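The structure presented is a predicted model; accordingly, all values stated were derived computationally and were not measured.
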Amino acid sequence: MLSFEDFKNMALDNSLNDNEKVGFPDIYRKGTEENIFPDILKKLNIKPDNEKTKIIMDIGCGCSGPVKSLIEYARQNNFTLYLIDSKEMLDNLPNEPFIIKIAHEFPCDYDYESLYSKVDYIIVYSVLHHVVYHSNYLKFLDTCIALLKSGGGRLLIGDIPNASKKKRFLSSEAGRGFHMKWSSSQTYPNVCWNKLEPLCIDDSVVFSILQRYRSMGCESYLLEQLSGLPMNNTREDVLIVKQ
């Protein structure tokens, strides 16, 4: 699993394109990447406000198409945009008056207290599995909740690779056919249902996140990744709304 340091090094590698710098070979996002940002907008229900400037925060933003679409959207609709990633990654993105870059691994080595309860929307996309593997994901998510504005602040934890969902897919007729075509194999995938999968996200982790933040007074929802999104058969999203 790629670490924060790995992504820093990839961000500096000019032989890589933007998708590769954020850990995705082109084959994984070709023909589908353009669907990511509209899906984020819809699930977060992001709406401009003509009377005041709203705040969007993208944690682990990377430098590929979705964050570039987010930057253009923020420019056109009067949002303040916080982008959080390594300096090496952020240097691949433009500097604009409405963008505030925080060049640190979230939530370390930076004082976010002045932003507590002030952020309208937080995006954490294709990030959580790296945090689970390398860091304390509960501290990460608890800090996100502290940043959200009360009365409707929204956090989208997007593109979560769920090992349990992958097993369900590969056990299906469609999943078996997909596997055989993808791997150029004539055999079905080997799916082990009662095997513990260390340091990965499965149903137990997803549902514990939903339960944790409901018990902290938020609403939480498990959302489907529809056809047209990269790797949608094995990924899903969690939306948390702060009351």
Hydrophobic cluster membership, Y221 vs L148, 4.5 Å side-chain cutoff:
no
Would one find more than 12 heavy atoms of other residues, nucleotides or ligands at under 6.0 Å from atom OH of Y73?
yes
When you look at V206 and E236, which way does the side-chain contact (heavy atoms from CB on, under 4.5 Å) test go after all the steps?
CA-CA 9 Å; V206 171; E236 55 196 348; 4.0 Å; yes
Contacts of C108 meeting side chain to side chain contact (heavy atoms under 4.5 Å, CB included) (sequence neighbours excluded), chain-then-number -> none
Locate the shortest heavy-atom distance separating E33 from S64; write the atom from each residue and the value.
OE2-CB, 3.6 Å
Contact summary for C61 and L90, nearest pair of heavy atoms:
SG-CD2, 3.7 Å
Stepwise salt bridge (Lys or Arg N to Asp or Glu O under 4.0 Å) check, K8 with E5:
CA-CA 5 Å; K8 286 171 65 174; E5 291 299 318; 3.5 Å; yes
Could you check whether the rings of H104 and Y110 sit parallel, tilted or perpendicular, using 30° and 60° as the cut-offs?
tilted
Does a side-chain heavy-atom distance below 4.5 Å link T32 with L229?
no
Cluster question for you: counting only ILVMFWY and a side-chain heavy-atom cut-off of under 4.5 Å, with indirect links fine, are I71 and M57 together?
no
Tell me whether I40 is reachable from L93 by hopping between hydrophobic residues (I, L, V, M, F, W, Y) whose side-chain heavy atoms are closer than 4.5 Å.
yes
Would you say that N50 contacts N78 through its side chain, given a criterion of any heavy-atom pair below 4.5 Å between the two side chains?
no
For V67 and L83 the tightest heavy-atom approach is CG2-CD2, 3.9 Å
Nearest 0.5 Å, please: how far is NZ in K87 from CG in N92?
10.5 Å
Distance (rounded to the nearest 0.5 Å) between R235 CZ and Y125 OH
8.5 Å
What distance separates F106 CZ from I59 CD1, expressed to the nearest 0.5 Å?
3.5 Å
From CA spacing to verdict: side chain to side chain donor-acceptor pair (under 3.5 Å), D159, S126:
CA-CA 5 Å; D159 200 39; S126 288; 2.3 Å; yes
According to side chain to side chain contact (heavy atoms under 4.5 Å, CB included), who are the partners of N45, at least two apart in sequence or on a separate chain?
K47, R154
Working to the nearest 0.5 angstrom, can you tell me the gap between L70 CG and I99 CD1?
8.5 Å
Distance, nearest 0.5 Å, that separates CG of D91 from CG of L12:
8.0 Å
Under-4.0 Å salt bridge between R168 and D203
yes
Does F98, at its CZ atom, have more than 12 non-hydrogen atoms belonging to other residues, nucleotides or ligands within less than 6.0 Å?
yes
Can you find a side-chain donor-acceptor pair between S3 and D6 that sits under 3.5 Å?
yes
Heavy-atom closest pair (F79 atom, I46 atom, distance to 0.1 Å) is CZ-CG2, 3.6 Å
As an exercise, state the distance from SG of C218 to CG of L210, rounded to the nearest 0.5 Å.
11.5 Å
Salt bridge or not between D142 and R212? Use side-chain N to carboxylate O under 4.0 Å.
yes
Tell me, do R176 and P189 make a side-chain contact under 4.5 Å, heavy atoms counted?
yes
Verify the ring-centre separation between F7 and H130: is it less than 6.0 angstrom?
yes
Can you tell if the side chain of S86 reaches within under 4.5 Å of the side chain of F4, non-hydrogen atoms only?
yes
If the threshold is 4.0 Å, N to carboxylate O, is there a salt bridge linking E72 and R75?
yes
Taking all non-hydrogen atoms of both residues into account, name the closest pair between E224 and K43 and its distance.
O-NZ, 2.9 Å
For N95 and K101, what are the C-alpha separation, side-chain angles and deciding distance, and is it a side chain to side chain donor-acceptor pair (under 3.5 Å)?
CA-CA 8 Å; N95 295 310; K101 295 180 177 180; 2.8 Å; yes
Do L147 and I100 sit in one hydrophobic cluster, given that two such residues count as connected whenever their side-chain heavy atoms are within less than 4.5 Å of each other, even indirectly?
yes
Report yes or no: do L239 and F37 belong to one cluster of Ile/Leu/Val/Met/Phe/Trp/Tyr joined by side chain heavy-atom distances under 4.5 Å?
yes
Single hit among K149, K242, K52 for salt bridge (Lys or Arg N to Asp or Glu O under 4.0 Å) with D120:
K149
I'd like to know whether CG of L226 has more than 12 heavy-atom contacts from other residues, nucleotides or ligands below 6.0 angstrom.
yes
Test side chain to side chain donor-acceptor pair (under 3.5 Å) on N17 and D26; report intermediate values, then the result.
CA-CA 9 Å; N17 63 33; D26 284 337; 2.8 Å; yes
Tell me whether K68 is salt-bridged to D18, with the criterion being a basic N under 4.0 Å from an acidic carboxylate O.
yes
Nearest heavy-atom contact between I102 and Y112 is CG2-OH, 3.6 Å
